[in-house]
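All chains are named by letter (A, B, ...) in the order of the sequence lines, taking the proteins before the strands, and each is independently numbered beginning at 1.
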Amino acid sequence: MSAGDAQIQRDKVEDEPEREQAESRQWEREQTHLRKNLITFNTEAWQSHTDFLGLQRIGGVDLSYPKEDDKVACASLVVLSYPELEVIYEDCQMVTVGAPYVAGYLAFREVPFLVDAIHKLKEKDPTLMPQVLLVDGNGILHHRGFGVACHLGILTDLPCIGVAKNLLQVDGLENNENHKEKIRQLRNGGDSFNLIGISGNILGAALKSCNKSSKPIYISVGHKITLETSLQLVHSCCRYRVPEPIRQADIRSREFLCKKTAISETSTTGH
DNA sequence: GCGACAG
DNA sequence: ATCTTGTCGC
């Protein structure tokens, strides 16, 4: 075996298939391209008013997956009234996922269905269109500064906020003792500290979302909103650790998935 | 070999 | 994301 063959052999064994590598290179170009349109300041009047006067509808999105089939999922979009946080719109849709989950490229797996859900709402009842979306995952706190919340924001032109349950360790950010100590110093719900990468950029913030949670959530700018506004808004939506719009989207997509899975098994069994 | 790896 | 029960605490 020549040295060249050994190199090829290593690539095949250790790395993802070449097709997927080519795909992620394409995805990377797409992210870099879309990122040029990102807006990281407040664009809406309600964002600078006290108590977000003028904000009436806030959306949440999520996807749930069954354990037995990695091709099917339930995509959900909910809209809550603000500040009451009551669900005024719910849409769950079974979908066939086309892309695998690859860290750093979550949007290419989930975002198409979320864009569909927004388009569907626009046709069904435009008056229920959310004025801001909370997205499961990160915004600019991302390998290339363009996480799923940015991606969805650009494709829908809606203000978006990234809400992640775990710290994505990029740009030198680490969930180390130093980080954990800062978390322990967060006293009350609403307390937060900025996440500054080795690049010097403020990538997001760790937020103690409610008094009871010892583990923070990680907030980052998606589109058309600042980090400061995002932190205030997300905190104002937290009855529990996970902000209500995302929590409701999560609960409802899970339920819908269970219901649909049960039905498909019934028809398969012939009952 | 070990840790990371949004969802 | 999903796999998983009870359990300790307020």
Side-chain angles (χ1 to χ4, degrees), chain A residues 10 13-16 20-21 24 27-28 31 35 60-77 92 94-115 117 133-153 160-177 179-180 189 195 197 203-207 209-223 230 234 239-243 245-247 249-258 260-261:
Chain A
R10 243 192 335 272
V13 172
E14 294 175 9
D15 296 335
E16 44 192 53
E20 287 180 21
Q21 276 191 38
S24 55
W27 283 347
E28 185 174 340
Q31 289 177 331
R35 194 184 194 291
V61 292
D62 189 39
L63 269 79
S64 291
Y65 303 86
K67 57 174 180 179
E68 57 274 359
D69 186 348
D70 58 353
K71 288 294 147 200
V72 69
C74 174
S76 78
L77 163 66
C92 290
M94 296 306 297
V95 299
T96 304
V97 296
Y101 169 66
V102 181
Y105 303 96
L106 174 65
F108 294 92
R109 177 172 170 85
E110 302 197 336
V111 127
F113 310 110
L114 303 177
V115 172
L133 276 180
L134 302 195
V135 184
D136 233 319
N138 293 297
I140 65 171
L141 171 47
H142 178 267
H143 308 66
R144 287 162 295 280
F146 197 76
V148 62
C150 302
H151 206 126
L152 185 59
C160 285
I161 300 171
V163 180
K165 300 174 197 70
N166 295 95
L167 174 65
L168 184 58
Q169 305 189 144
V170 296
D171 195 15
L173 295 177
E174 274 188 295
N175 185 18
N176 53 24
E177 263 315 310
H179 182 78
K180 289 171 183 167
L195 302 165
L203 303 177
L207 171 70
S209 54
C210 65
N211 291 324
K212 297 175 88 175
S213 66
S214 55
K215 185 175 179 179
I217 54 179
Y218 296 92
I219 307 302
S220 56
V221 169
H223 189 48
S230 299
V234 170
R239 291 179 178 154
Y240 305 101
R241 176 176 177 248
V242 174
I246 289 182
R247 187 169 159 269
D250 182 75
I251 291 172
R252 288 156 197 258
S253 69
R254 270 196 170 86
E255 278 178 358
F256 194 85
L257 183 63
C258 285
K260 291 299 172 185
T261 306

Discussion item. Taking B:dC5 as the reference, what is the distance to C:dT2 when you measure between their C1' atoms (whole Å, please)?
Written reply: 16 Å

Under-3.5 Å N/O pairs linking protein and nucleotides 7-10 of chain C:
none

Discussion item. Taking 5.5 Å and 30° as the limits, would you call A:Y218 and the base of B:dA6 a stacked pair?
Written reply: no

Worksheet item: Taking the six-membered ring for Trp, are A:Y105 and A:W27 parallel (under 30°), tilted (30 to 60°) or perpendicular (over 60°)?
Response: tilted

Discussion item. Mind checking if A:N138 touches a base, just sugar-phosphate, or nothing, with heavy atoms under 4.0 Å?
Written reply: base

Worksheet entry | Closest to the A:D62 side chain, choosing from C:dT2, B:dA6, B:dG7 | B:dG7

Worksheet item: Rounded to the nearest Å, what distance is computed from the CG atom of residue A:L114 to the C1' atom of nucleotide B:dA6?
Response: 14 Å

Fill in: Nearest-angstrom distance from the residue atom CG of A:N175 to P of B:dA4
8 Å

Discussion item. Under 4.0 Å, heavy atoms only, any strand: does A:Y105 hit a base, just the sugar-phosphate, or nothing?
Written reply: base

Worksheet item: A:R109 has an atom CZ; how far is it from atom C1' of B:dC5, in whole Å?
Response: 14 Å

Worksheet item: What is the distance, rounded to the nearest whole Å, between atom CG of A:D136 and atom C1' of C:dA1?
Response: 10 Å

Worksheet, complete the sentence: In whole angstroms, the gap separating P of C:dT2 from CG of A:L63 amounts to 10 Å

Item to complete: Whole angstrom is fine here: how far is it from CG in A:D250 over to P in B:dA6?
Response: 16 Å

Worksheet item: Should A:N166 be listed as having a side-chain N or O under 4.0 Å from OP1 or OP2 of B:dG7?
Response: yes

Worksheet item: Within the structure shown, what part of the strands sits under 4.0 Å from A:G162 by heavy-atom distance: base, sugar-phosphate, or nothing?
Response: nothing

